[in-house]
2 protein chains.
Amino acid sequence: MKAYHHGDLRRALLDAAVDALGEAGPAALSLRDLARRAGVSHAAPAHHFGDKAGLLTAVAIDGYRALALALAEARVRTGSYREMGVAYVGFAVGHRAHFEVMFRPDLHRPDDPELRLAATKAGNALAAGARDLPDGPGPAAGLAGWSTAHGFATLWLSGALPRSLGPDPIAAARTVLGAPAL
Amino acid sequence: MKAYHHGDLRRALLDAAVDALGEAGPAALSLRDLARRAGVSHAAPAHHFGDKAGLLTAVAIDGYRALALALAEARVRTGSYREMGVAYVGFAVGHRAHFEVMFRPDLHRPDDPELRLAATKAGNALAAGARDLPDGPGPAAGLAGWSTAHGFATLWLSGALPRSLGPDPIAAARTVLGAPAL
DNA sequence: TGGGCATCTTGTCAATGTCAAGTTAAGGTG
DNA sequence: CACCTTAACTTGACATTGACAAGATGCCCA
């Protein structure tokens with residue numbers, strides 16, 4: 001056994017947090033439960049993250065980095081802003097735990113520098129795709145696309161969308177994101 | 001003093017909940033704090049709502065009813081689905097506490113019958129507006145509009161949108177919702 | 001080899017959600 | 001008007017949690 005010095009307790013706690021968030025949502029997350037899952041004492045998480053908000057800030061940072069990668073990948077793969085929106089939905093559904101923490105400022109530290117940087121980079125990845133749009137419309141079109149993808153993702157996750165869309169969020173997103181504007 | 005029998009403790013607790021949610025978000029909501037605000041004992045809320053999820057379910061029900069009213073009002077006033085989207089954003093910003101609970105199934109009881117009914121009615125109000133759209137596109141257009149309005153509202157509330165949109169969410173929403181589709 | 005320091009533990013405290021049991025008053029029935 | 005059923009609220013308790021303080025452990029480097 002390793003007793004003291006876990007090896008990479010920080011990573012283990014983050015992984016446990018993602019698991020726990022996926023099982024019961026952010027409201028039910030407990031630092032002590034994460035410690036139990038990682039096999040350490042109840043106060044160990046505080047050493048690495050300070051407090052609960054610190055841990056969730058780290059989760060959000062991981063999330064923004066993964067989102068930026070997913071968006072950039074979709075852009076080089078398809079060259080389509082709409083498909084970047086589909087990828088955005090795919091990230092939200094596939095990394096629900098991260099996604100739910102990222103856009104909830106009351107759960108983390110919104111002004112953490114590292115968080116701000118990661119969020120900005122993800123925003124830049126999106127904005128780069130928006131510039132590929134068939135030119136003409138102003139910068140509002142990029143925000144409209146972001147809003148649509150983000151709204152579809154959160155509505156899907158909250159279970160508010162009608163079942164007629166079918167079970168596959170990616171296919172449903174491709175349908176809805178292709179619909180004409182308001 | 002009224003000692004026992006508050007008069008309308010249920011309503012007082014719901015009002016206190018909306019205040020508290022507006023001040024610190026759902027994560028910091030405490031039933032005991034609500035009881036203190038209403039001047040009753042710490043276990044009084046449980047009698048009216050069962051538990052925390054029950055109270056938040058009641059908040060969500062109030063929210064869906066108010067949203068349905070706001071959407072119907074916007075429809076008769078403007079006849080425009082786009083302006084219903086603007087009203088949707090206005091509701092989210094003006095009733096942030098309700099809005100944040102409504103779309104968070106882990107905070108309330110998603111299968112509560114009264115909740116389902118209220119949510120369905122609000123959905124019908126939106127769907128009615130979608131039928132006014134310049135025909136041609138399928139039913140996906142209604143969902144796209146909903147997604148855009150919902151996404152803009154949640155992004156605005158989370159502070160993720162760029163400051164270049166200005167301080168007025170209604171004006172910003174009118175700009176973004178009018179942008180062309182993806 | 002030995003000291004410094006990050007890492008983790010143990011112990012504790014106030015606060016919270018929830019349950020059980022008791023207390024008070026309001027409203028209907030005789 | 002007396003009675004009593006029942007809803008509304010209180011009191012008390014318990015396990016759990018986040019956070020803090022102080023101590024224990026072992027790795028790394030001088």
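Naming convention: chains lettered A, B, ... in sequence-line order (proteins, then strands); numbering from 1 in each chain. Only this structure's heavy atoms are used, side chains among them; waters, hydrogens and symmetry mates stay out.
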- Take atom CZ of B/Arg10 and atom C1' of D/dC9, then tell me their distance rounded to the nearest Å.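 Going from CZ in B/Arg10 over to C1' in D/dC9 covers 16 Å.
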
- Message: For B/His48, give me all partners under ring pair (Phe, Tyr, Trp, His ring centres under 6.0 Å), at least two apart in sequence or on another chain.
- Response: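 So B/His48 forms no ring pair (Phe, Tyr, Trp, His ring centres under 6.0 Å) with any residue.
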
Can you list, pair by pair, the side-chain donor-acceptor contacts under 3.5 Å of residues 156-167 of chain A, counting residues two or more places apart and other chains?
residue, atom, partner, partner atom, Å
A/Ser158, OG, A/Thr154, O, 3.3
A/Ser158, OG, A/Leu155, O, 3.1

- Message: Using the side chain to side chain donor-acceptor pair (under 3.5 Å) criterion, which residues pair with A/Arg104? Sequence neighbours excluded.
- Response: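 Result, side chain to side chain donor-acceptor pair (under 3.5 Å) vs A/Arg104: none returned.
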
- Stretch residues 23-33 of chain A: residues that reach within less than 4.0 Å of DNA chain D through a heavy atom: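 DNA chain D contact set from residues 23-33 of chain A: A/Leu29, A/Ser30, A/Leu31, A/Arg32.
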
- Under 4.0 Å from any atom of DNA chain C, heavy atoms only: list the residues of residues 103-115 of chain A that qualify, in numerical order.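 Residues of residues 103-115 of chain A that come under 4.0 Å of DNA chain C do not exist, since none gets that close.
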
- Message: Below 4.0 angstrom, which residues in residues 41-56 of chain B have at least one non-hydrogen atom near DNA chain C?
- Response: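 Within residues 41-56 of chain B, the residues near DNA chain C are B/His42, B/Ala43, B/Asp51, B/Lys52.
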
Considering residues at least two apart in sequence or located in another chain, which fulfil the side chain to side chain contact (heavy atoms under 4.5 Å, CB included) criterion with [X]?
{"X": "B/Asp33", "result": "B/Ala20, B/Ser30, B/Arg36, B/Arg37"}
{"X": "A/Ala24", "result": "A/Ala28"}
{"X": "A/Ala119", "result": "A/Tyr64"}

- Any salt bridge (Lys or Arg N to Asp or Glu O under 4.0 Å) involving residues 83-97 of chain A? Give me the pairs, sequence neighbours left out, ordered by first then second residue.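 Passing the test, one end in residues 83-97 of chain A: A/Glu83-A/Arg174, A/Arg96-A/Glu100.
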
- Not counting sequence neighbours, list each pair that qualifies as a salt bridge (Lys or Arg N to Asp or Glu O under 4.0 Å) and has a residue in residues 49-59 of chain B.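 Qualifying pairs, neighbours excluded: B/Asp51-B/Arg109.
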
- Query: Between A/Tyr88 and A/Phe103, what is the ring plane arrangement, given parallel below 30°, perpendicular above 60°, and tilted in between?
  - Reply: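 Rings of A/Tyr88 and A/Phe103: tilted, 30 to 60°.
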
- Query: With sequence neighbours excluded, what pairs up with A/Asp106 under the salt bridge (Lys or Arg N to Asp or Glu O under 4.0 Å) test?
  - Reply: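 Once residues adjacent in sequence are excluded, A/Asp106 has no partner under the salt bridge (Lys or Arg N to Asp or Glu O under 4.0 Å) criterion.
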
- Distance below 4.0 Å between B/Arg36 side-chain N/O and C/dT16 OP1 or OP2: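 Yes, such a contact exists.
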
